[in-house]
Amino acid sequence: MRYDDSPPPPESAASVSPDPPWYARRSTLAVAVAALAPTALAGWVLTQVLTGSGPGGQPPQPKALPASHTTGAGAHGAGDAKASTATPSPAAPDSASASASAPAAPAKGPLAGRTVVIDPGHNTGNFKHTSEIDRQVDIGTNRKECDTTGTTTNSGYMEAEFTLDVSRRTRALLESKGAKVVFTHDADRPWGPCIDERARIGNEAKADAVVSVHADGVSAGNRGFHVILPATVKGGAADTSKIVGPSRDLGERIAGNFARSTGSAPANYLGSGTGLVVRDDLGGLNLSTRPKVFIECGNMRDAKDAAQLTSPEWRQKAAEGITNGIVGFLGG
Ligand code: ZN
């Protein structure tokens, strides 16, 4: 869930960007989603396909991808994600390792030398430690609860279980591509960490990208995923001016890849259909000095979304989408 019970940001605050929305940048994405999306989503998708653009009707403006961006450079579509996850670092020795008598073989793969911090939202023990997690912490612009319990599905599957599972799947995929992956917690502490510590872990790791994994808890009928981007804030220890731009790039790439990998549509209840929302009230974003986004993978309180969130197969697709977004952002 969102980190607190405050209402979602007004629509006017969401996804205001001078750039075309992420789904307008690669029209093939819409085709891929169309192949996967339920009929109910066909209208949204078909609009993109038929106009070949975003809501404004402009011609598509594909954003040039780095030359090293291999994840989507060849065949687009659903098979792309599978192909990328099926190509871990080659086992064949290259000249570097063949000639190296170095003590430790360097990590291989497109993310070798890169550090990614994954933040599994909440903690399954938080509900037993309400006094600890209710403690107020400084988020620079404000003070806020250390952490929250998170939400659950109607059948009792905890958001904190979901976030840890998706995070672990994501770690395995990232490590197969050579990344160093740091978790903010791994069921190795009874509660927390607090949101300020979650941010600090990413900062101290000098992470190249940070992703906080969540699922939302709003009323049934609200469906889909959204990625939360940091707003420009300055106050106390909070100064996001340097991360707003790269975080949007990271978030757009994750949103596009997540839609493609899972077949889920952007949230129908906020973000104006872009799957992107900007917020200035989250300590985990405000205190970050590294490119960082949150992803709300779906709505645990909606039966159709919950059916996906409770499926291990779907969670693997979610992890693939998040991973491919990170790989694209890091130019792997
Ligand atoms: Zn959450």
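Just so you know, ligand 1 is whichever comes first in the structure, and atom 1 is the first atom listed for that ligand. Residue numbers start at 1 and run along the sequence shown.
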| request: Would you please test Thr289 and Asn203 for side-chain hydrogen bond (donor to acceptor under 3.5 Å, both in side chains) and show each step? | output: CA-CA 6 Å; Thr289 59; Asn203 297 345; 3.0 Å; yes
| With Phe258, which residues qualify under ring pair (Phe, Tyr, Trp, His ring centres under 6.0 Å), at least two apart? | Phe225, Trp314
| Can you name the N/O/S atom of Glu159 that is nearest the Zn ion (ligand 1)? | OE2
| Is it the case that Thr274 and Ser272 place a side-chain donor and acceptor less than 3.5 Å from each other? | no
If you look only at distance, which donor and acceptor atoms sit under 3.5 Å apart when one is on a side chain in residues 125-135 and the other is two or more places apart or in another chain?
{"from": "Asn126", "atom 1": "OD1", "to": "Gly192", "atom 2": "N", "distance (Å)": "2.8"}
{"from": "Asn126", "atom 1": "ND2", "to": "Asp147", "atom 2": "OD2", "distance (Å)": "2.9"}
{"from": "Asn126", "atom 1": "ND2", "to": "Thr148", "atom 2": "O", "distance (Å)": "2.8"}
{"from": "His129", "atom 1": "ND1", "to": "Glu132", "atom 2": "OE2", "distance (Å)": "3.4"}

| task | Answer yes or no as to whether an N/O/S atom of Asp216 is found below 2.8 Å from the Zn ion (ligand 1). | result | no
| note | To the Zn ion (ligand 1), the closest N, O or S atom belonging to His214 is ND1
